Number of protein chains: 8
Amino acid sequence: LRIGLPEVIYAEGKTPGQVADIFSRMAEAGSDVLATRVSTEAVTAIQLAVPGTVHYEIARIVALRQALPLNEDEWPCIAVLCAGTSDLPIAEEAAVTAEHFGVRVLRLYDVGVAGVHRLLAVREQLVQADAVIVCAGMEGALPSVVGGLVGVPVIAVPTSVGYGASFGGVTALLGMLNSCSPNVSVVNIDNGFGAAYTATLIARAKRR
Amino acid sequence: LRIGLPEVIYAEGKTPGQVADIFSRMAEAGSDVLATRVSTEAVTAIQLAVPGTVHYEIARIVALRQALPLNEDEWPCIAVLCAGTSDLPIAEEAAVTAEHFGVRVLRLYDVGVAGVHRLLAVREQLVQADAVIVCAGMEGALPSVVGGLVGVPVIAVPTSVGYGASFGGVTALLGMLNSCSPNVSVVNIDNGFGAAYTATLIARAKRR
Amino acid sequence: LRIGLPEVIYAEGKTPGQVADIFSRMAEAGSDVLATRVSTEAVTAIQLAVPGTVHYEIARIVALRQALPLNEDEWPCIAVLCAGTSDLPIAEEAAVTAEHFGVRVLRLYDVGVAGVHRLLAVREQLVQADAVIVCAGMEGALPSVVGGLVGVPVIAVPTSVGYGASFGGVTALLGMLNSCSPNVSVVNIDNGFGAAYTATLIARAKRR
Amino acid sequence: LRIGLPEVIYAEGKTPGQVADIFSRMAEAGSDVLATRVSTEAVTAIQLAVPGTVHYEIARIVALRQALPLNEDEWPCIAVLCAGTSDLPIAEEAAVTAEHFGVRVLRLYDVGVAGVHRLLAVREQLVQADAVIVCAGMEGALPSVVGGLVGVPVIAVPTSVGYGASFGGVTALLGMLNSCSPNVSVVNIDNGFGAAYTATLIARAKRR
Amino acid sequence: LRIGLPEVIYAEGKTPGQVADIFSRMAEAGSDVLATRVSTEAVTAIQLAVPGTVHYEIARIVALRQALPLNEDEWPCIAVLCAGTSDLPIAEEAAVTAEHFGVRVLRLYDVGVAGVHRLLAVREQLVQADAVIVCAGMEGALPSVVGGLVGVPVIAVPTSVGYGASFGGVTALLGMLNSCSPNVSVVNIDNGFGAAYTATLIARAKRR
Amino acid sequence: LRIGLPEVIYAEGKTPGQVADIFSRMAEAGSDVLATRVSTEAVTAIQLAVPGTVHYEIARIVALRQALPLNEDEWPCIAVLCAGTSDLPIAEEAAVTAEHFGVRVLRLYDVGVAGVHRLLAVREQLVQADAVIVCAGMEGALPSVVGGLVGVPVIAVPTSVGYGASFGGVTALLGMLNSCSPNVSVVNIDNGFGAAYTATLIARAKRR
Amino acid sequence: LRIGLPEVIYAEGKTPGQVADIFSRMAEAGSDVLATRVSTEAVTAIQLAVPGTVHYEIARIVALRQALPLNEDEWPCIAVLCAGTSDLPIAEEAAVTAEHFGVRVLRLYDVGVAGVHRLLAVREQLVQADAVIVCAGMEGALPSVVGGLVGVPVIAVPTSVGYGASFGGVTALLGMLNSCSPNVSVVNIDNGFGAAYTATLIARAKRR
Amino acid sequence: LRIGLPEVIYAEGKTPGQVADIFSRMAEAGSDVLATRVSTEAVTAIQLAVPGTVHYEIARIVALRQALPLNEDEWPCIAVLCAGTSDLPIAEEAAVTAEHFGVRVLRLYDVGVAGVHRLLAVREQLVQADAVIVCAGMEGALPSVVGGLVGVPVIAVPTSVGYGASFGGVTALLGMLNSCSPNVSVVNIDNGFGAAYTATLIARAKRR
Ligand SMILES: Nc1ncnc2c1ncn2[C@@H]1O[C@H](COP(=O)(O)O)[C@@H](O)[C@H]1O
Ligand SMILES: Nc1ncnc2c1ncn2[C@@H]1O[C@H](COP(=O)(O)O)[C@@H](O)[C@H]1O
Ligand SMILES: Nc1ncnc2c1ncn2[C@@H]1O[C@H](COP(=O)(O)O)[C@@H](O)[C@H]1O
Ligand SMILES: Nc1ncnc2c1ncn2[C@@H]1O[C@H](COP(=O)(O)O)[C@@H](O)[C@H]1O
Ligand SMILES: [Mg+2]
Ligand SMILES: [Mg+2]
Ligand SMILES: [Mg+2]
Ligand SMILES: [Mg+2]
Ligand SMILES: [Mg+2]
Ligand SMILES: [Mg+2]
Ligand SMILES: [Mg+2]
Ligand SMILES: [Mg+2]
């Protein structure tokens with residue numbers, strides 16, 4: 001991308017062949033490449049076409065790393081939080097994306113609001129992050145609580161986890177938009193990629 | 001009411017004259033009487049018609065106590081929580097209603113989720129309650145956090161406090177219905193009265 | 001749970017293997033265990049992993065009882081109501097959950113509002129309950145009628161039963177939130193489990 | 001109208017002068033005339049322009065009767081039901097309209113679902129009607145219960161009475177559309193006039 | 001039913017076995033029986049269990065006629081209208097139901113509003129009906145035009161036909177509720193059965 | 001504008017002073033000027049600042065004509081339709097705008113769908129138009145019927161006229177978007193200006 | 001159609017047999033024929049029944065051209081724009097339809113708003129069109145930008161492309177209805193056909 | 001605040017007296033203080049109570065600066081964009097808040113998407129910003145276009161500007177959430193304050 005980040009392919013709605021073609025072309029140009037929302041068939045098609053890719057199953061991502069330097073210690077750092085196993089695909093989409101954009105990621109994954117002490121127990125890790133991504137479905141309350149604990153931007157990702165009046169993530173989305181913590185901003189439902197993109201820009205600003 | 005609770009008048013949409021008339025009739029029958037959502041004009045009309053009433057300004061309630069015994073010490077106890085000054089009218093509607101139904105009320109009123117330590121600071125008081133009412137607007141996240149801290153039913157009252165995508169309390173309502181704490185049930189937006197009614201039935205069960 | 005209730009697993013969105021693993025671990029710790037929303041595959045996985053479980057097919061629950069004493073006569077009692085066969089899975093989720101939490105359950109299952117005399121015919125049973133759960137889809141009118149017949153809390157569960165403008169339970173949910181009976185509070189669409197949790201807390205309060 | 005009914009003016013959104021002009025013109029042509037949703041100013045304007053009109057204050061109707069014969073005994077009969085004082089303007093819009101269309105009206109006005117015995121107490125009157133209009137706000141449950149008690153069409157009128165999640169009558173409207181009584185059909189929120197129009201056509205069919 | 005109409009089974013959400021059982025039991029009691037929304041499997045199950053039934057494929061109805069007398073000439077008459085082939089299942093659900101309730105049905109099935117002359121061409125048939133059912137999807141405009149052409153009640157049935165902003169019938173439903181023809185009332189989306197039930201009650205009133 | 005049309009000021013949300021200032025500036029530059037949605041105060045402010053303007057009261061427009069030639073006979077022609085007096089402000093906003101953009105306008109203003117013969121009576125005028133604007137509130141059915149009668153584009157303008165389930169024009173908007181006439185396209189609720197703009201571009205194409 | 005355009009069949013919701021039958025009948029009558037939204041099975045059925053048809057796979061259209069003259073050079077011209085591969089089916093539905101209606105089509109298909117220079121790069125082609133169709137999903141912003149670059153009508157087609165809060169095209173639809181470019185009008189979600197129909201009428205007006 | 005930012009009072013829903021009291025108390029403690037959404041009465045009350053405050057009329061903010069150092073040259077820098085006069089109150093709420101949080105603000109206020117060249121004309125200023133705030137009503141398309149032009153986070157603020165289907169800012173909100181530019185995140189409708197808070201945290205990170 002225009003700011004030195006890897007090329008990204010949004011695989012949903014593309015055929016496996018189309019995804020593999022675009023991936024090949026970008027790889028040959030020497031870029032780092034990331035394909036999100038890949039189906040099993042698309043994974044196979046990419047792997048046949050391009051050697052050296054890594055497949056992140058839960059995150060539904062295939063990535064190729066050939067350009068970005070890998071000196072992890074100097075990297076900025078973000079935290080990715082969620083409440084439990086159902087939010088994992090989105091949290092991992094965010095975490096894997098950020099790592100491939102050159103950011104260190106603290107995964108804090110069992111910290112729902114109904115057991116607030118688990119969140120308080122990880123507070124020391126949390127405050128080291130330069131930006132925080134919070135993924136939550138159902139009532140979407142976690143970003144507000146986290147927002148009150150940190151002094152950096154919180155990117156909230158509503159997930160489509162839930163049933164009944166969760167309306168496929170709309171309830172979580174609305175809750176996050178109405179957060180009483182002023183450091184919270186929000187991306188689309190299940191958009192772990194977008195949250196990682198913004199969090200990366202924030203975190204990298206510190207070291208530029 | 002059919003279960004030994006005072007008579008209640010919902011004053012909204014009635015003329016001051018109508019409210020005062022109904023209030024008088026009930027008072028003469030010897031009942032305790034509660035009028036909610038009273039306008040300034042209705043307050044005056046009641047006070048002219050019935051001596052001995054008490055006006056609770058923030059709660060918008062006028063009450064008459066003549067039947068229920070007043071031995072507060074043996075009473076059951078509930079807690080009413082909210083985050084700040086904007087939720088006060090609803091929290092007070094709940095608290096005053098419960099008190100007039102013969103319940104002791106712990107008011108815990110400055111405990112929003114963006115500053116979770118203030119909530120943890122009152123935890124010892126909270127766990128004494130036989131039922132808990134939580135009033136919250138905006139993202140409506142407070143009941144979930146409270147639900148995780150207590151072992152009694154939590155009645156959540158979404159308030160119409162907020163702007164933009166709070167949609168007059170709908171966001172808070174949806175958040176509460178999707179609470180990940182299983183001891184949370186919900187009443188209509190701004191329905192402090194209904195929450196107090198149910199909380200009273202729960203709390204009084206213990207002493208019957 | 002923190003209040004002496006069995007451990008509960010929400011199986012939806014977990015693989016059969018994950019569900020069986022969590023179930024085993026809890027069973028080994030000596031707890032009573034309840035898994036709700038179990039698929040056929042998850043049932044088999046649990047049964048292979050843990051001996052002595054009971055499968056409630058309509059309720060989609062697998063349960064293990066090893067800790068809670070079973071002296072039914074002293075138990076508190078709740079009623080679970082619904083209108084017909086389509087609401088049964090949710091009504092049974094509520095009833096089986098409550099029974100495993102140590103509560104006696106009166107099932108009153110053919111009492112829709114379009115034939116109000118069937119409801120009146122069971123009124124004597126109804127008034128024995130310490131809390132009442134009412135499951136209803138379509139217009140969701142049953143909790144209001146029931147609320148007028150009893151002096152205890154009514155927990156209303158909107159069900160996703162219906163078509164067209166029932167919107168997957170939203171119409172029933174809205175109707176219940178606007179109930180003109182003040183003892184009605186509401187949980188999420190199809191949340192029989194949550195209703196049973198709250199009803200259990202209410203009913204058990206009386207005997208503590 | 002094309003079927004021998006009086007001329008009708010919907011006054012909302014017209015100036016008092018416009019309303020009075022149209023009323024005059026129709027009156028001079030010898031028709032019976034009905035103006036609904038009249039403001040105080042429009043009432044005065046009509047009364048100055050046309051002698052012999054009757055003003056129904058609660059129904060917000062001004063009517064002139066000069067054509068239709070008045071032999072009430074042979075008339076068909078409908079019932080108009082509602083739960084309480086807030087639905088009165090709509091119930092009266094329906095009742096007055098029907099009377100001016102030549103129909104006898106049984107007003108049954110204190111019969112909400114939270115006290116179902118009051119409804120059962122008027123059942124004998126109810127079953128005499130050739131069509132039934134039921135006006136209800138909040139959860140809109142009354143038409144379903146009434147529909148189960150009669151063998152004639154029930155026209156349900158959702159009213160905009162309520163607050164919070166009643167959404168200006170939408171909740172009542174949705175509830176009525178999902179009625180489990182198959183003899184229920186529905187008109188627009190607060191449309192007492194339309195309900196009376198259809199009920200009149202039904203009731204008059206019997207005597208044609 | 002309580003008013004001399006056949007027994008009706010709503011087959012959706014019941015197993016073929018359950019549907020056949022209920023059908024058998026009703027048939028043995030001597031009633032006419034109607035099962036709506038029958039799957040292919042339920043049709044077979046009924047046919048195996050009960051001789052003499054008729055299967056209406058487009059209407060998804062299985063019916064048994066053994067009680068109601070069949071003197072068609074004296075019967076009242078309704079019209080069922082729709083715009084084209086996609087609305088046929090609902091129009092036929094209404095038509096077949098009404099016929100089994102003892103009503104003569106005029107089917108007027110190719111009369112959409114975008115070609116208003118086709119509707120005007122059938123006007124003479126239309127005005128013979130004692131009640132009119134209009135099924136329409138998409139913009140749902142047909143009932144308003146029909147309502148202006150007849151002097152009897154119009155029962156509007158929104159259908160789930162359409163795409164995009166038709167929202168599964170919601171647009172048609174809203175259009176019908178706002179009809180500027182005052183003789184229009186509305187039932188749930190795709191509820192051909194309910195429309196036929198009400199239209200039957202209206203049409204039969206004339207001959208009672 | 002970039003295509004030889006007069007300058008336009010949208011006055012809503014601007015102070016009278018701001019509106020008059022912008023108007024003056026444009027007038028001095030020699031342009032034709034149109035201000036829409038003008039309040040009474042803004043009208044006065046413009047009239048004081050700029051001589052020679054015309055105020056169209058129903059359309060809420062103030063216009064200045066100094067540049068565009070006025071040879072009406074060669075002009076293209078559009079038709080503007082609506083059902084009655086409540087849609088007049090929007091229909092006139094469209095008509096006056098189009099006239100000031102150099103288009104001849106046929107006003108056909110009493111042609112609602114509930115009396116389809118009035119529409120058919122003006123059909124000969126209708127088919128002369130190069131484009132047709134149809135303004136309608138409530139069920140918004142008029143554009144579909146008109147679309148079937150003409151062979152030119154129909155621009156549909158939903159109006160906020162109606163009550164209850166008309167939702168401030170949303171029902172009309174949805175109906176129009178689902179029109180079964182393929183020559184219908186739609187603009188925002190009450191946007192008579194935008195409809196006139198597009199209709200003008202269409203009509204003028206013929207003579208360019 | 002009534003204005004010299006080919007006959008059109010909307011194949012969705014019709015069986016392959018029905019589609020092929022209608023297609024045959026029209027073809028035999030000598031018309032040009034277009035079938036949109038054809039399934040693979042319907043394509044085969046048409047091809048077996050009618051020789052000489054063309055199948056446009058991405059557009060899901062089968063067309064027969066036998067009547068319309070083919071002198072492309074004198075034809076009017078429209079442009080069809082979209083942002084990327086996901087909008088192609090709708091853009092091609094519009095383009096193929098317009099071509100079969102006798103219009104020349106400029107396809108400008110890689111011009112999303114997040115890379116506005118790609119759009120500016122095709123501006124010279126764009127300004128040659130007599131009407132412009134813009135297909136866009138997600139935020140639906142492209143029509144506003146395009147509307148500011150051209151002096152002809154822009155027909156905006158919201159597509160159902162997107163996820164989460166795109167709500168199947170509703171977000172794009174709403175954005176387009178609120179376009180700040182006054183030359184934008186809108187058709188239903190995914191209605192490429194309707195857009196082409198209106199654009200054809202506009203473009204052909206110039207040469208008539 | 002916990003991160004060295006001034007104290008903030010949200011004045012909406014507080015009485016002038018309450019606002020002035022809180023302001024005084026904070027001022028006496030030596031903090032910088034900001035009150036947003038102040039009414040005219042609250043401004044006067046603050047000015048009487050606290051000397052040295054500044055009133056920003058369009059932004060509806062009263063501010064006191066006594067703690068934060070004022071060395072503007074070393075400050076980080078953000079840009080605030082909007083399309084026109086109606087978005088000014090929100091844009092200024094953002095700009096004034098950020099300035100009082102110690103950030104330099106580039107105001108780029110006449111750059112709507114319907115005239116994209118005005119935006120391109122300010123591109124050089126735009127790319128200097130460390131974070132960008134974009135306020136937009138109606139279709140909310142501006143953040144997507146801006147997002148494609150810069151390599152820093154874009155905070156999008158939907159404004160309640162518009163009418164009809166703009167739904168008080170909901171359309172703009174949805175459009176922004178679906179932005180195809182991955183560096184866009186969103187805050188609540190009209191929440192200029194929250195956008196400034198997050199943008200400040202981002203911009204200040206660079207210089208810490
Ligand atoms: N999971 C995702 N969610 C939303 N946007 C994405 C996602 N993955 C990639 N994108 C965006 O989609 C663009 C690629 O889209 P495309 O050209 O259709 O492959 C990238 O530049 C990203 O901005
Ligand atoms: N297609 C239908 N749509 C709505 N309600 C129906 C339909 N068919 C039958 N019913 C109603 O469903 C009732 C039977 O429901 P059940 O007892 O569940 O079989 C009948 O008495 C009818 O009132
Ligand atoms: N009634 C109206 N509805 C919608 N847009 C309008 C209206 N009147 C004027 N406009 C548009 O608003 C623009 C002027 O906006 P402004 O610069 O804010 O005065 C004009 O160029 C028109 O495109
Ligand atoms: N315009 C605004 N919109 C949203 N939140 C605000 C605004 N102004 C201030 N706030 C927040 O409101 C808090 C103060 O609320 P309060 O204690 O009620 O005065 C501050 O800490 C801010 O986070
Ligand atoms: Mg914020
Ligand atoms: Mg719960
Ligand atoms: Mg209640
Ligand atoms: Mg019905
Ligand atoms: Mg009507
Ligand atoms: Mg169309
Ligand atoms: Mg426009
Ligand atoms: Mg994004």
Side-chain angles (χ1 to χ4, degrees), chain A residues 82-87 110-123 126 134 136-151 154 156 158-186 189, chain B residues 82-87 110-123 126 134 136-151 154 156 158-186 189:
Chain A
C82 69
T85 59
S86 342
D87 298 320
D110 195 27
V111 292
V113 292
V116 82
H117 287 292
R118 288 196 306 258
L119 177 61
L120 297 175
V122 299
R123 198 175 164 183
L126 193 55
V134 182
M138 301 172 76
E139 77 265 64
L142 191 52
S144 291
V145 181
V146 172
L149 299 175
V150 300
V154 172
T159 69
S160 54
V161 166
Y163 67 92
S166 79
F167 300 129
V170 171
T171 294
L173 169 61
L174 293 177
M176 290 165 175
L177 286 166
N178 283 280
S179 177
C180 51
S181 292
N183 49 347
V184 173
S185 67
V186 187
I189 297 166
Chain B
C82 69
T85 59
S86 343
D87 298 318
D110 195 26
V111 291
V113 292
V116 82
H117 288 292
R118 287 197 306 258
L119 177 61
L120 296 174
V122 299
R123 196 174 164 184
L126 192 56
V134 183
M138 301 170 76
E139 77 266 63
L142 191 52
S144 291
V145 182
V146 172
L149 299 175
V150 300
V154 172
T159 68
S160 54
V161 167
Y163 66 91
S166 79
F167 299 130
V170 171
T171 293
L173 169 62
L174 293 177
M176 291 166 175
L177 285 166
N178 283 280
S179 176
C180 50
S181 293
N183 49 347
V184 172
S185 65
V186 187
I189 297 165

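These numbers come from a predicted model, not from an experiment. Order of the sequence lines sets the chain letters (A, B, ...), proteins ahead of strands, with each chain counted from 1.
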Winner by heavy-atom pair count (cut-off under 4.5 Å) against chain B, out of A/Ser144, A/Gly115, A/Ala141: A/Ser144
Heavy-atom donor-acceptor pair, A/Asn178 side chain to B/Ala172 backbone, under 3.5 Å: no
Spatial distance of atom CG (B/Leu173) from atom OG1 (A/Thr171) [nearest 0.5 Å]: 8.5 Å
Part of B/Phe167 within contact of chain A (heavy atom distance under 4.5 Å): side chain
Reported CG-to-NE2 distance for the pair A/Leu149 and B/His117, which is rounded to 0.5 angstrom: 6.0 Å
Side chain / backbone / both / neither for A/Val116 at chain B, heavy atoms under 4.5 Å: side chain
Check: B/Cys180 main-chain N/O paired with A/Glu139 side-chain donor or acceptor under 3.5 Å: yes
Side chain / backbone / both / neither for B/Leu120 at chain A, heavy atoms under 4.5 Å: side chain
